[in-house]
Amino acid sequence: MLTFLLTLLTFGVIITLHECGHFIFAKLFGVRVNEFSFGMGPRLVGWQGKETEYSIRLLPIGGYVAMEGEDGMEDEEGRPIPSDGRAFCEKPAWQRFIILFAGAAMNIVLGFFILLALASQMDLLGTNVVAKVEEGTAVSEYLQPFDRIVKVNGYSTPNYNDVVFQMIRDQDGVMDLEVIRYGDAEGLQQKSGQRVGLSQVPFTMENETIQLDFVFYGEENNPLRTVSYAAGWTSSVVKQVWYSLMDILTGRFGLKDLSGPVGTAAVIGEASSQGLQTLLLMVAFITINIGVFNLLPIPALDGGRLFFLLIEIIRRKPIPARYEAYVHGAGLVLLLGLIAVVTFNDIAKLITGGI
């Protein structure tokens with residue numbers, strides 16, 4: 001029951017904030033909002049505001065803000081519908097772009113503030129600078145104290161979280177690194193270093209898990225560093241979502257490695273058992289994931305609508321609304337099908353103890 005309530009609360013906050021992003025900017029730009037819904041499917045309860053109907057629906061797997069003219073202002077026969085100028089489709093392209101983008105942006109901003117709160121509790125903030133290398137390890141022949149790791153396997157690593165993610169992402173424990181070699185504390189402080197490429201650096205592997213045979217240098221925390229660290233952490237999580245999607249598209253991971261609402265609920269329950277900080281960290285990862293995923297150019301998602309809007313800006317005229325509606329309708333069916341498959345996999349993992 002606790003896991004269920006925490007999951008409902010987590011998704012409730014994330015979904016509501018996402019839709020609030022759309023809602024706030026729609027109102028700001030004078031778009032009529034017909035309905036603000038939390039959840040999908042059959043309506044459970046609702047109430048009528050001055051102009052907008054607010055409703056709570058059965059399935060807490062999403063939500064929506066139904067704006068006037070979101071799918072155009074034409075009837076089924078293609079004839080224009082009278083309007084008072086408050087339809088979404090009648091607003092300038094830049095305003096529609098902001099309205100569509102605002103939902104995902106709110107999710108990412110929420111993640112940033114959660115990570116900011118977590119970073120503020122740390123005594124030391126991790127950096128991408130090596131402080132100490134374990135003696136006798138193979139990596140000690142390559143890395144030196146005061147090396148700043150700026151690339152791992154060709155991927156830029158401007159902060160601590162980027163370095164850790166790219167190293168964990170490596171599969172064989174042998175990596176190509178690029179470092180800025182400062183040599184000593186004075187060189188690090190003056191930023192007078194030399195860029196050095198390190199090829200085929202071997203790391204210790206235990207049970208198919210990479211062991212980082214060195215320690216990172218930590219900076220003492222202060223308000224300015226807290227904000228900078230949280231911003232870098234947020235950026236790192238955003239990139240982690242993109243890299244993970246790339247890994248799926250390239251076949252490194254498959255559908256069995258994805259998690260849906262059921263799997264996410266299990267992870268939230270596990271995180272809650274490890275304390276508030278772990279739970280908040282998981283919520284930050286989930287909300288940033290949802291924000292980035294919504295920006296993908298997939299029909300029915302905000303990113304799909306943004307893609308059509310970009311085509312309109314390039315063509316200087318919109319694609320007929322009914323054609324766009326067909327694409328988004330088909331995309332919604334496929335998306336629901338993907339959710340069903342992933343949910344089935346989650347349930348199977350729960351039964352077999354895989355989650």
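Numbering starts at 1 and runs along the sequence shown. When reading the values below, keep in mind they use all heavy atoms of this one structure, side chains included, and skip hydrogens, waters and symmetry mates.
Y323 contributes atom OH, which lies 7.5 Å from atom OH of Y326 (distance to the nearest 0.5 angstrom). Within the model, atoms CG of L280 and CZ of F113 stand 14.5 Å from one another, a figure rounded to the nearest 0.5 Å. Separation of atoms CG (L332) and CG (L301) is listed at 9.0 Å; rounding is to 0.5 Å. Remark: N222 CG to S120 OG distance equals 12.0 Å, nearest 0.5 Å. To the nearest 0.5 Å, atom CD1 of residue I114 and atom CE of residue M282 are 11.5 Å apart. Taken to the nearest 0.5 Å, the CE atom of M122 stands 9.0 Å off from the OG1 atom of T226.
The 12-atom threshold is exceeded at OH of Y54, counting heavy atoms of other residues, nucleotides or ligands nearer than 6.0 Å. Shown here is K91, whose NZ atom has more than 12 heavy atoms of other residues, nucleotides or ligands within 6.0 Å. Surrounding CG of D172 are more than 12 heavy atoms belonging to other residues, nucleotides or ligands, all under 6.0 Å away. Crowding of Q194 atom CD: a count of heavy atoms from other residues, nucleotides or ligands under 6.0 Å not exceeding 12. Residue-environment remark: CD (Q277) stays at or below the threshold of 12 foreign heavy atoms within 6.0 Å. A 6.0 Å sphere centred on CZ of F146 holds more than 12 heavy atoms belonging to other residues, nucleotides or ligands.
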task = Would you sort out whether W233 and L281 count as a side-chain contact (heavy atoms from CB on, under 4.5 Å), showing the intermediate values?
result = CA-CA 11 Å; W233 199 355; L281 180 60; 3.5 Å; yes

request  = Could you walk me through whether E35 and R43 pass the salt bridge (charged side-chain N to carboxylate O under 4.0 Å, His left out) test, one step at a time?
outcome  = CA-CA 12 Å; E35 184 181 0; R43 177 179 168 183; 6.0 Å; no

task = Tell me, with the steps shown, if N153 and Q166 meet side-chain contact (heavy atoms from CB on, under 4.5 Å).
result = CA-CA 8 Å; N153 291 331; Q166 291 299 343; 5.8 Å; no

inquiry  = Under the criterion side-chain contact (heavy atoms from CB on, under 4.5 Å), I'd like the reasoning laid out for N221 against D123: C-alpha separation, chi angles, the key distance, then a yes or no.
reply    = CA-CA 6 Å; N221 205 344; D123 295 326; over 6 Å; no

inquiry  = side-chain contact (heavy atoms from CB on, under 4.5 Å) for E220 and L124? Distances and angles first, verdict last.
reply    = CA-CA 5 Å; E220 289 188 8; L124 294 175; 4.1 Å; yes

ask   = Can you check salt bridge (charged side-chain N to carboxylate O under 4.0 Å, His left out) on K27 and E51, steps first, answer last?
value = CA-CA 11 Å; K27 289 289 189 180; E51 178 179 84; 3.0 Å; yes

ask   = After noting the C-alpha distance and the side-chain angles of Y155 and F165, does the key distance pass the ring-ring contact (aromatic ring centres under 6.0 Å, His included) rule?
value = CA-CA 11 Å; Y155 294 97; F165 175 72; 8.9 Å; no

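Between F29 and F25, the ring planes are tilted. Angles from 30° to 60° get that label. Taking the six-membered ring where tryptophan is involved, the planes of H22 and H18 are perpendicular, since the angle between them exceeds 60° and thus also 30°.
In this structure a side-chain-to-backbone donor-acceptor pair under 3.5 Å is present from R86 to G30. The backbone N or O of Q211 lies less than 3.5 Å from no partner atom in the side chain of T204, so there is not a single donor-acceptor pair. When atom types are taken as modelled, the side chain of T157 and the backbone of K151 share a donor-acceptor pair closer than 3.5 angstrom. Remark: side-chain polar atoms of S235 are not paired, donor with acceptor, to backbone N or O of A231 under 3.5 angstrom. Checking side-chain atoms of T287 against main-chain N and O of V283 turns up no donor-acceptor pair under 3.5 Å.
Shown are N161, L224, N159; of these, the side-chain contact (heavy atoms from CB on, under 4.5 Å) with Y229 is made only by N161. Just one residue in the list V129, L143, V150, N128 forms a side-chain contact (heavy atoms from CB on, under 4.5 Å) with V179, and that residue is L143. Considering L296, L295, I290, N289 as possible partners of F293, the one that fulfils the side-chain contact (heavy atoms from CB on, under 4.5 Å) test is L296.
For the pair M205 and Q171, the tightest heavy-atom approach, listed with the atom from each and the gap, is CE-O, 3.9 Å. Minimum interatomic distance between E70 and V65 (heavy atoms only, all atoms of both residues): OE1-O, 3.5 Å. Contact between I210 and M167 at its shortest, heavy atoms only, is CD1-O, 3.0 Å. Closest of all the heavy-atom pairs between L115 and A284 is CD2-CB, 3.8 Å. Taking every heavy atom of both residues into account, P145 and A131 meet most closely at CB-O, 3.6 Å. Pairing each heavy atom of V227 with each of L116, the nearest pair is CA-CD1, 3.8 Å.
Residues Q240 and S236 have side chains that bring a donor and an acceptor to within less than 3.5 angstrom of each other. Checking Y142 against Q200 by side-chain atom types alone, no donor-acceptor pair falls below 3.5 Å. No side-chain donor from either of N294 and N107 sits under 3.5 Å from a side-chain acceptor of the other. For the 3.5 Å distance criterion, the side chains of D213 and S140 fail to qualify, holding no donor opposite an acceptor.
For the pair T127/R225, no side-chain contact is recorded, criterion being any heavy-atom separation below 4.5 Å from C-beta on. The shortest distance between side-chain heavy atoms of V163 and F216 falls below 4.5 Å. Taking the side chain as every heavy atom from C-beta outward, I149 and F214 approach each other to under 4.5 Å. Under the 4.5 Å side-chain criterion, counting only non-hydrogen atoms from C-beta, Y243 is in contact with M246. Within the 4.5 Å cutoff, the side chain of T10 has no heavy atoms near those of the T264 side chain.
Cluster annotation: I288 and V109 are assigned to distinct hydrophobic clusters (Ile/Leu/Val/Met/Phe/Trp/Tyr, side-chain heavy-atom contacts under 4.5 Å, transitive). Both I298 and W242 belong to a common hydrophobic cluster when Ile, Leu, Val, Met, Phe, Trp and Tyr are linked at side-chain heavy-atom distances under 4.5 angstrom. Cluster membership for L279 and F112, using ILVMFWY side-chain heavy atoms within less than 4.5 angstrom, is not shared.
Every residue two or more places apart in sequence or in another chain was checked for a side-chain hydrogen bond (donor to acceptor under 3.5 Å, both in side chains) with E19, and none qualifies. Among residues two or more places apart in sequence or in another chain, the ring pair (Phe, Tyr, Trp, His ring centres under 6.0 Å) test is passed with F36 by F23.
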Would you tabulate the side-chain donor-acceptor contacts of residues 305-319 under 3.5 Å, counting partners in other chains and residues two or more places apart, or write 'none'?
residue: E312; atom: OE1; partner: R96; partner atom: NH1; Å: 2.9
residue: E312; atom: OE2; partner: R96; partner atom: NH1; Å: 3.4
residue: E312; atom: OE2; partner: R96; partner atom: NH2; Å: 2.7
residue: R315; atom: NH1; partner: K317; partner atom: O; Å: 3.1

